[in-house]
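Below is one structure, written out as structure tokens; the observations come after it.
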Amino acid sequence: MPEGHVVHRQAKKIVRTFGGQVVSASSPQGRFDTGARLIDGATLTGGEAFGKHLLVSFDTERFLHVHLGLYGKWTFGKEVAPEPKGLIRLRLESQTAFADLRGPTRCEVITTAERAALVARIGPDPIRKDADPERAWARVKRSRSAIGALLMNQEVFAGVGNIYRAEALYRAGIDPYRCGRDVDRAEFDVMWDDLVELMRDGVRVGRIDTVRDEHSPTAMKRGKRHDRHGGEVYVYRRAGQYCYVCGDEVACSDMMGRNLFWCPTCQAH
DNA sequence: AGCTCATGGCGAG
DNA sequence: TCGCCCTGAGCTG
């Protein structure tokens, strides 16, 4: 259940594990037999993430496209792969390692042209060096949608999920319900730069930490305690608890079917 | 053991 | 905007 930073880590891990090697691909579950056959026996040449989309390349003109969705999961192992347990959509194997993919929302083999179309559709990803924030700004500045919704739109901000959405808005002091067109350029820049910093930090440490030391109740303690999602955050999943900065209660509401967490005092407008 | 919810996205309507 | 996809963790009992 990852946001973009996890997918970037997985892309690196796939390259580290299988890069330059011939891989066997199979679908123990059977649901991806046709796709697995298309890449079986090819040499894996690269892998990268565009937001939450993983694209793996081979020495053929085929690419593996994986989107984990809410349930998807990769499991890596160094030994010979064990007998499959449960539903494994895709298993990649080299002489010395294997990777199992379960429950992805999307797993397909695509052509160069299809890959280009996909990449063109995905918005700028703050983690990527080649991301163009102007594309996001162009959408935000003319949109009547709430900025909280725009941040979750992968055509606008790729890789941002429910945690980075909540935390970036909190750190910028912006009300999630404010219209995109009412966000000014300076505010957008602050938020974009913050996403770049937070998400790249997430790639580095494999966890989402957004609380500045001066606000952190645990920063002074040795052996930091982390929240259930694995890091320390201002508002995500903290509904009803006290805001670390103003002391008021963190709020939760439904925005387009997803839980939205924010502090009505720190993010009053 | 069973229930609910979750760091997503898609397609129907 | 809703239901579905289809998995696991964290609860409850």
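The chains referred to below are lettered A, B, ... by the order of the sequence lines, with proteins before strands, and numbering in each begins at 1.
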Compare the minimum distances between each of [options] and the side chain of [X], then state the nucleotide with the smallest one.
X	options	answer
Y71(A)	dT7(B), dA6(B), dC10(B)	dA6(B)
K52(A)	dC10(B), dG9(B), dA6(B)	dG9(B)
N259(A)	dG9(B), dA9(C), dA6(B)	dA6(B)

Taking OP1 and OP2 of [N], is either one under 4.0 Å from a side-chain nitrogen or oxygen of [X]?
X	N	value
Y236(A)	dT7(B)	yes
N162(A)	dG8(B)	no
R207(A)	dT7(B)	no
K73(A)	dT7(C)	no
Q154(A)	dG9(B)	yes

The side chain to side chain donor-acceptor pair (under 3.5 Å) partners of R139(A) (sequence neighbours excluded) come to none

Should the pair E187(A)-R178(A) be classified as a salt bridge under the 4.0 Å nitrogen-to-oxygen rule?
yes

Whichever hydrophobic residues join I88(A) through chains of side-chain contacts under 4.5 Å:
none

Can you measure [X] atom [atom1] to [N] atom [atom2] for me and round it to whole angstrom units?
X	N	atom1	atom2	answer
R237(A)	dC11(C)	CZ	P	9 Å
Y164(A)	dG8(B)	OH	P	11 Å
H67(A)	dT7(B)	NE2	C1'	11 Å
L70(A)	dG8(B)	CG	C1'	6 Å
L260(A)	dA6(B)	CG	C1'	15 Å
L198(A)	dT7(B)	CG	C1'	14 Å
L118(A)	dC10(B)	CG	P	9 Å
R258(A)	dT1(C)	CZ	P	15 Å

Between R106(A) and H5(A), which residue's closest nucleotide on DNA chain B lies nearer the 5′ terminus?
H5(A)

Whole-Å P distance, dC4(C) and dT4(B):
15 Å

Rounded distance in Å between the C1' positions of dT1(C) and dT7(B)
22 Å

Check this for me: Q241(A), atom CD, are more than 12 non-hydrogen atoms of other residues, nucleotides or ligands nearer than 6.0 Å?
yes

May I ask you to say what R165(A) touches in the nucleic acid, namely base, sugar-phosphate or nothing, with a heavy-atom cut-off under 4.0 Å?
nothing

Is the base of dG9(B) touched by the side chain of T105(A) through a donor-acceptor pair closer than 3.5 angstrom?
no

Given 3.5 Å as the limit, does a donor-acceptor pair link the side chain of R200(A) with the main chain of P126(A), or not?
yes

Cation-pi check for F188(A) against K141(A): NZ or CZ below 6.0 Å from the six-membered ring centre and within 45 degrees of the axis, yes or no?
no

